[in-house]
2 protein chains.
Amino acid sequence: MAGHGARGRSGGRPTLEEVAARAGVGRGTVSRVINGSPRVSDATRAAVEAAVAELGYVPNTAARALAANRTDAIALVVPEPETRFFAEPYFSDMLKGVGAELSETEMQLLLIFAGSDRERQRLAQYLAAHRVDGVLLVSVHADDPLPDMLSQLEIPAVISGPRSAGETLTSVDSDNYGGARSAVEHLLARGRRRIAHITGRMDVYGARRRVDGYRDALLDEGLGVDELLIEQGDFTEEGGRRAMSRLLEHAPDVDAVFAASDVTAAGARQVLREAGRRIPDDVALVGYDDSAIARHMDPPLTSVRQPIEEMGRAMIDLLLADIADRRPSASRDLERRHAVLPTELVVRTSS
Amino acid sequence: MAGHGARGRSGGRPTLEEVAARAGVGRGTVSRVINGSPRVSDATRAAVEAAVAELGYVPNTAARALAANRTDAIALVVPEPETRFFAEPYFSDMLKGVGAELSETEMQLLLIFAGSDRERQRLAQYLAAHRVDGVLLVSVHADDPLPDMLSQLEIPAVISGPRSAGETLTSVDSDNYGGARSAVEHLLARGRRRIAHITGRMDVYGARRRVDGYRDALLDEGLGVDELLIEQGDFTEEGGRRAMSRLLEHAPDVDAVFAASDVTAAGARQVLREAGRRIPDDVALVGYDDSAIARHMDPPLTSVRQPIEEMGRAMIDLLLADIADRRPSASRDLERRHAVLPTELVVRTSS
DNA sequence: AGGTACCGTGGGAGCGCTCCCATCGGTGAT
DNA sequence: ATCACCGATGGGAGCGCTCCCACGGTACCT
C-alpha cells in the first residue's frame with residue numbers, strides 16, 4: 001500500500017536525519033516542514049517534501065512524544081460495567097462519530113476500560129502519567145470521582161452526558177428536554193390526554209431533563225401534571241415492567257406511555273399486552289433512543305432519536321479545541337463550552 | 001507546550017534516575033527491577049521498590065518505546081462501513097472480552113478505523129511505522145488486502161473470523177459448523193422434516209461452515225438435502241425477506257427455517273406472518289447470534305449464541321503469545337494457531 | 001594459590017525527535 | 001557605504017528509557 005520505496009537501512013524506517021541529508025538541509029528544517037511551521041522558504045519546503053515522499057518517511061511517535069512532552073493520543077474512557085450502555089447502539093454510534101472526526105487528525109484513540117477497581121487504579125496512573133492529551137468521558141455516574149480528578153490534573157476532558165446543569169467539564173449532550181417534549185406533544189396531537197411517563201434513573205441528569213420536558217409539554221397544553229402518571233424506572237426492561245404494572249394499578253385510565261428508553265418501553269409493552277391493552281388502540285407507546293429494538297418491536301415503536309454520531313464528532317471537536325487552547329498555558333479562563341444537539345422523533349405505529 | 005524541564009523539579013513526574021538516586025543504586029538496576037529482571041538481589045530489589053512507591057514513579061511510555069523500539073500497544077482495526085457488524089452486540093461484547101483480558105497486562109488498546117480509503121491509507125502508514133506491537137482484525141472480507149499486508153510486514157496479527165480453512169493468520173472463531181448442526185438437530189428433534197436454511201453471505205467463511213453444518217445434520221439423520229430448501233441471504237433483514245419469499249414459492253411445504261443471523265430471521269418472520277404462517281405452529285424459526293432482537297422478537301427467537309466475549313479474550317491471548325514469540329527473532333516457524341470456541345443453542349418459543 | 005566463572009551492578013551510548021540558540025545573508029534605514 | 005535587524009537555517013542539547021559492556025566481588029575449580 002504505502003509507497004515506502006525505501007525501507008532504507010536494512011529494514012529501519014527513515015529518520016528525520018536521513019530525510020534532511022536527502023533534501024540537503026538540516027534536521028531542524030525538516031522538523032519545521034513536518035510540523036507545518038511557516039518559517040521555511042517555499043523552495044526548501046518543496047525539497048523536503050520531495051525527500052519525505054521518496055523515502056516514505058513517517059515520524060516516530062515515541063520520539064516525538066518524548067521530546068515534545070505530548071502524546072497525540074486521547075483516551076475514551078468506558079465505564080464497562082454499564083452493560084446497558086455498551087450493548088445499545090449508543091456506544092457504537094458514538095464511536096463512529098469519534099472515529100470519523102479523529103481520522104481528520106493525527107491523533108490516535110485509546111480505549112480505556114474503567115470498570116473494575118483495578119482498572120480504575122490503572123486509569124488513575126495513566127492519567128497521572130499524562131499518557132494522553134485529553135479524555136473523552138461517557139456515561140458517567142453522578143458520584144463518579146473521575147471528572148473531578150481530571151479537572152484537578154488539568155487534563156482536558158469532555159463528558160458526553162453532563163452530570164448536572166452546572167457541569168464543570170466541557171460537555172456534549174442531546175436535547176433531552178426537547179426530545180421528551182416532542183414525544184409528549186406528539187401524543188397530545190394524537191388526542192391522548194392521560195399520558196404517563198416512565199422515567200430513567202433519576203441520578204442521571206438526562207433522565208431528569210426528560211421529566212422536565214414531559215411536564216412542560218403537558219403544562220403548556222393547559223393540562224395539569226398528574227403525579228400518579230409518573231413512575232420511576234431505571235432504563236431497564238425489568239424496570240419498565242414494574243413501572244407499567246404500578247401505572248395500571250394507580251392510573252388504569254392511562255391512554256399513552258412515554259418511556260425513557262426503548263428497552264423500558266419493551267418492558268411496558270409486555271405488561272400492557274398481558275393486561276389485554278392493545279397498542280396503540282388502547283395505549284400509545286413512545287420510547288427513547290430509537291434503537292434496533294424499536295424497529296423490531298411489534299408494533300414498531302415510535303421513539304426519540306438522538307444524534308449520537310454527531311455527538312461523538314462534537315466531543316472530539318471540543319476536546320481538540322480544549323487541548324489546543326491549553327497549550328499556550330495560562331489561558332485557562334476560556335469559557336467552558338456545552339454543546340446540546342437536537343433530537344428527532346421517529347414516528348412508527350405504536351402511537 | 002510544556003517546555004522542557006518546565007514542570008520539572010516541582011511537580012514533574014519522577015524519572016528513573018531520581019528513583020535510582022533515592023534508592024542509592026544505579027539507573028540500570030532500577031530498570032531491571034521495573035522490568036522484572038531476575039538478576040537483581042532481593043535486598044536491592046526491595047530498596048528500589050520502596051523508592052518507586054515513595055516517589056510514585058510511573059515509567060514514561062514514550063521514552064521506553066523509543067529506547068526499546070516497541071510500543072506496548074496493540075490495535076483493534078475496525079472496518080467501519082460494516083454497520084451491521086458495528087451495531088450488533090458483537091462488537092461491544094468482543095470489546096468487553098478484549099478489554100478484560102488486556103487489563104491484566106500493561107498493553108494499551110488502540111482503536112483504528114479502516115473504513116474510508118483515507119483511513120486505510122493512514123492505517124497502512126501506521127503499520128509501516130510499526131506503531132503497534134500487534135493487530136486484532138475483525139470482520140474482514142475475503143478479498144481484503146489487509147491480512148496479507150500484515151504478514152508481509154511481519155506484524156503479529158489475530159483475525160476473528162478466518163477467511164478460509166487455510167487461514168494463514170492466527171485466528172479465533174466460534175464453531176459455526178457445530179452451531180448450525182445444533183440448530184438443525186434441535187429442529188429435527190422437534191419433529192420438523194422440511195427444514196430450510198437461509199444462508200449468510202457466501203464469501204464469509206463462517207457462513208459457508210454454517211451451510212456445511214446444516215447439510216451434515218440432515219445427512220446424519222438420514223434425510224437428503226433438498227437444494228430447494230437452501231436460499232442465499234446476506235445476513236441482512238432485507239435479504240431474509242427476499243429469501244423467505246423465494247422459499248415459500250419454491251418449497252411451500254417448509255416447516256422450519258434456520259437463518260444465518262437473527263436479523264435475517266426477523267426478515268423471514270415478517271414474510272411468514274404476511275403469508276399467514278404461524279410461528280412456531282406452522283413454521284419453526286431459528287436464528288443465529290442471540291442478539292437483542294432475538295429476545296425481543298415476537299415470538300422470542302431460538303438462536304445460536306456465540307461466546308463472543310470469550311473470543312475477544314482468546315484473541316488477546318493468542319496475539320500476546322505471538323508478540324512474545326516474535327521477540328527472540330527468527331523463531332518464525334511456530335505453528336499457526338487457530339482457536340475454535342463452542343456455541344450454545346438458546347431455545348425460545350419460536351421453535 | 002591461582003585461575004575461571006559468574007553475579008550483581010553502574011553507567012555510557014544511543015533511540016528519533018523538538019527546542020532553541022547561534023549563525024548567516026540580505027534588507028532597508030541612516 | 002554602514003549598521004541594526006530580520007527571516008531562514010543548522011545543529012547542540014536534551015527528553016527518559018533500554019541495552020549492553022565493563023567492573024569488582026565471590027564461589028568454585030584445578
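Just so it is clear: chains get the letters A, B, ... in the order the sequence lines come, proteins before strands, and each one is counted from 1. Just so it is clear, the values below take in all heavy atoms, side chains as well, and ignore hydrogens, waters and symmetry mates. Just so it is clear, the structure is predicted and the values come from calculations on it, not from any experiment.
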Which residues share a side chain to side chain contact (heavy atoms under 4.5 Å, CB included) with [X], sequence neighbours left out:
| X | answer |
| --- | --- |
| B/P14 | B/E18, B/L55, B/Y57 |
| B/A339 | B/V172, B/L318, B/L341 |
| A/A124 | A/M149 |
| A/T105 | A/L102, A/M107, A/L320 |

Exercise for the section: Calculate the interatomic distance between B/I34 atom CD1 and D/dT18 atom P; express it in whole Å. Expected result: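 Spelled out: CD1 on B/I34 to P on D/dT18 is 8 Å.
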Exercise for the section: Any chance you could lay out the salt bridge (Lys or Arg N to Asp or Glu O under 4.0 Å) test for A/D322 and A/R337, step after step, and finish with the verdict? Expected result: CA-CA 9 Å; A/D322 270 11; A/R337 273 166 298 184; 3.4 Å; yes
Practice task
State, to the nearest 10°, the angle formed by the axis through the first five base pairs of the helix from C/dA1-D/dT30 to C/dT30-D/dA1 and the axis through its last five.
Solution key: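 That helix gives 40° between its end axes.
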Problem - Within residues 37-45 of chain A: residues closer than 4.0 Å to DNA chain D (heavy atoms) - result: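 The answer is A/R39, A/V40, A/S41, A/T44.
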Residues 25-33 of chain B, side-chain donor-acceptor partners within the protein, below 3.5 Å, at least two apart:
{"unit_1": "B/R27", "atom_1": "NE", "unit_2": "B/E17", "atom_2": "OE1", "d": "3.4"}
{"unit_1": "B/S31", "atom_1": "OG", "unit_2": "B/N35", "atom_2": "ND2", "d": "3.4"}

Can you pull every protein N or O that's under 3.5 Å from an N or O on nucleotides 12-14 of chain C?
{"unit_1": "C/dG12", "atom_1": "N7", "unit_2": "B/R27", "atom_2": "NH2", "d": "3.1"}
{"unit_1": "C/dG12", "atom_1": "O6", "unit_2": "B/R27", "atom_2": "NH1", "d": "2.9"}
{"unit_1": "C/dA13", "atom_1": "N6", "unit_2": "B/R27", "atom_2": "NH1", "d": "3.4"}

Practice task
Write out all pairs satisfying salt bridge (charged side-chain N to carboxylate O under 4.0 Å, His left out) with one or both partners inside residues 103-117 of chain B, taking only residues at least two apart or from two chains.
Solution key: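 Qualifying pairs, neighbours excluded: A/R118-B/E104.
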Would you give me the side-chain donor-acceptor pairs under 3.5 Å for residues 58-66 of chain A, sequence neighbours excluded?
{"unit_1": "A/N60", "atom_1": "OD1", "unit_2": "A/A62", "atom_2": "N", "d": "2.8"}
{"unit_1": "A/N60", "atom_1": "OD1", "unit_2": "A/A63", "atom_2": "N", "d": "3.0"}
{"unit_1": "A/T61", "atom_1": "OG1", "unit_2": "B/R131", "atom_2": "NE", "d": "2.9"}

For residues 41-50 of chain A, tabulate all N or O donor-acceptor pairs below 3.5 Å that involve a side-chain atom, not counting sequence neighbours.
{"unit_1": "A/S41", "atom_1": "OG", "unit_2": "A/T44", "atom_2": "N", "d": "3.3"}
{"unit_1": "A/S41", "atom_1": "OG", "unit_2": "A/T44", "atom_2": "OG1", "d": "2.7"}
{"unit_1": "A/R45", "atom_1": "NH2", "unit_2": "A/S37", "atom_2": "O", "d": "2.7"}

Problem - A/R120 side-chain N/O to A/A114 backbone N/O, donor-acceptor pair under 3.5 Å - result: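 Such a contact is found between A/R120 side chain and A/A114 backbone.
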Any protein N or O atoms within reach of nucleotides 22-27 of chain C? Criterion: under 3.5 Å, listing atom names and distances.
none

Handout entry: Distance below 4.0 Å between B/T29 side-chain N/O and C/dT9 OP1 or OP2
Key =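 No.
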Exercise for the section: Looking at every strand, decide which applies to B/N69 at a 4.0 Å heavy-atom threshold: base, sugar-phosphate, or nothing. Expected result: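 Nothing: the residue B/N69, judged by heavy atoms under 4.0 Å, touches no strand.
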